[in-house]
Amino acid sequence: MALLAAFTSTFLVGYLFGSLPTGYLAGRLFRGIDIREHGSLSTGATNVLRVLGPWPGALVLCIDFVKGFIPVWLAVSIADASLLYLSETSMYALGPWLMATAGIATIIGHSRSVWLNFTGGKSAATGLRVLFAISVPVGLVASLAFILSLAVSRIVSLSSLIAAAFSAVAALVFGEAFPFQLLIVSGAALVFALHRQNIQRLFSGNEPMIGKSGGDPEP
């Protein structure tokens with residue numbers, strides 16, 4: 001019973017933090033608009049930057065970055081609290097699984113926010129924040145892959161997909177704990193699934209670059 005409560009509370013905390021619609025709220029607060037009706041139609045920081053300007057974009061990016069960390073940190077606290085009901089050995093085995101649960105719930109919450117009728121962003125940026133909370137080396141690899149790809153291609157969606165793929169490979173190469181490997185590989189697969197339309201445009205050569213008309217696809 002204690003085990004079920006730990007996983008349920010961890011998932012709910014991760015989902016609710018991830019589902020906070022910071023980009024949508026920024027649109028309402030700074031300009032009284034629905035950000036989903038402008039630019040790339042996304043609630044992510046890139047679209048906020050394009051539509052509302054640098055300060056709102058930076059604010060959303062910072063809040064979203066914290067939003068990705070907090071659920072994973074709270075998962076550690078929930079694991080510690082489980083010591084009241086579980087053996088110390090069980091708690092240490094449980095900790096990574098709770099952190100992974102919080103991470104995937106945060107990613108799902110961002111892309112399927114309960115506050116936005118289960119719509120949202122495409123979770124690449126949120127996934128990167130979760131990566132840093134789980135594993136700094138894997139987060140750095142994904143960040144470097146994104147930056148290099150963006151510098152060469154100037155296509156945000158392609159860079160997001162490359163970063164997701166590199167994160168999955170890095171998790172396996174660095175020998176991360178199995179729950180973390182499962183989280184990172186699953187998160188990368190989810191990012192690819194959410195970018196289906198972008199992938200189709202990439203193959204057809206119609207995916208916009210940064211600064212081109214039509215807007216860059218949101219990560």
Side-chain angles (χ1 to χ4, degrees), residues 11-74 102-133 139 142-143 146-147 149-150 154-161 163-164 167 187-188 190-199 201 207-219:
F11 185 90
L12 287 175
V13 167
Y15 178 82
L16 290 175
F17 266 96
S19 67
L20 289 174
T22 48
Y24 173 83
L25 293 175
R28 291 298 189 191
L29 176 64
F30 287 101
R31 197 176 295 179
I33 63 173
D34 186 341
I35 195 71
R36 296 172 298 173
E37 298 175 354
H38 300 269
S40 65
L41 313 181
S42 172
T43 60
T46 303
N47 198 37
V48 173
L49 172 66
R50 176 173 52 248
V51 175
L52 303 179
W55 289 111
L59 178 62
V60 168
L61 183 64
C62 290
I63 294 175
D64 281 355
F65 196 86
V66 174
K67 187 175 75 176
F69 271 90
I70 291 178
V72 178
W73 289 341
L74 289 177
I104 197 66
T106 303
I107 295 171
I108 293 172
H110 182 77
S111 61
R112 295 291 182 264
S113 172
V114 66
W115 312 114
L116 300 176
N117 295 321
F118 299 100
T119 62
K122 295 179 180 176
S123 294
T126 298
L128 180 61
R129 297 166 197 126
V130 171
L131 276 181
F132 273 103
S143 298
F146 178 86
I147 292 170
S149 175
L150 188 62
R154 297 176 60 204
I155 300 176
V156 175
S157 60
L158 175 61
S159 303
S160 298
L161 292 169
S167 70
L190 180 59
V191 167
F192 270 79
L194 293 169
H195 281 78
R196 291 188 303 273
Q197 293 181 349
N198 303 86
I199 293 172
R201 288 195 295 267
E207 186 73 336
M209 297 181 180
I210 292 177
K212 298 293 184 181
S213 60
D216 48 80
E218 188 71 25

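In this chain, residues are counted from 1 in sequence order. What you see is a predicted model, and the numbers here were worked out from it, not measured in a lab.
- When all heavy atoms of Asn198 and Lys122 are compared, the closest pair comes out as OD1-NZ, 2.6 Å.
- Rounded to the nearest 0.5 Å, atoms OG1 (Thr22) and NZ (Lys67) are 4.0 Å apart.
- Between Arg129 and Thr106 there is no side-chain heavy-atom pair separated by less than 4.5 Å.
- Closest heavy-atom contact between Ser143 and Leu128: OG-CD1, 3.5 Å.
- Separation of atoms CZ (Arg154) and CD (Glu207) is listed at 13.5 Å; rounding is to 0.5 Å.
- Contact annotation: the side chain of Val48 never approaches that of Phe30 to less than 4.5 Å [non-hydrogen atoms, C-beta and beyond].
- Here the closest heavy-atom approach between residue Pro71 and residue Gly14 is recorded as CB-CA, 3.6 Å.
- In this structure the side chain of Leu20 never reaches within 4.5 angstrom of the side chain of Ile63, judged on heavy atoms.
- Every side-chain hydrogen bond (donor to acceptor under 3.5 Å, both in side chains) that Ser149 has, sequence neighbours left out, goes to Ser159.
- The two residues Ile199 and Leu161 have their closest heavy-atom pair at CG1-CD1, 3.7 Å.
- Using a 4.5 Å heavy-atom cutoff, the side chains of Ile108 and Leu190 are in contact.
- Considering all non-hydrogen atoms of both residues, Phe146 and Ala163 come closest at CB-CB, 3.9 Å.
- Under a 3.5 Å cut-off, the side chain of Ser113 and the backbone N or O of Ser19 do form a donor-acceptor pair.
- Between the CG atom in Leu49 and the CG atom in Leu61 there is a gap of 9.0 Å [rounded to 0.5 Å].
- Atom-to-atom distance recorded for Thr126:OG1 and Leu131:CG is 11.0 Å, nearest 0.5 angstrom.
- To the nearest 0.5 angstrom, Leu29 atom CG is 9.5 Å from Leu52 atom CG.
- Scored by the side-chain hydrogen bond (donor to acceptor under 3.5 Å, both in side chains) test, Ser111 finds no partners at all (sequence neighbours excluded).
- Using cut-offs of 30° and 60° for the angle between ring planes, the Phe11 and Tyr15 rings count as parallel.
- Judged by distance alone, with hydrogens and angles left aside, the side-chain atoms of Ser167 form a donor-acceptor pair with the main-chain N or O of Ala164 at under 3.5 Å.
- With Asn47 contributing its side chain and His38 its backbone, the two residues share a donor-acceptor pair below 3.5 Å.
- Under a 3.5 Å cut-off, the side chain of Arg36 and the backbone N or O of Thr119 do not form any donor-acceptor pair.
- Considering OG1 of Thr43 and CH2 of Trp115, their distance stands at 15.0 Å, rounded to 0.5 Å.
- For Ile107 against Ser123, the heavy-atom pair with the smallest separation is O-OG, 3.0 Å.
- Not counting sequence neighbours, the partners of Tyr24 by the side-chain hydrogen bond (donor to acceptor under 3.5 Å, both in side chains) test are Arg28.
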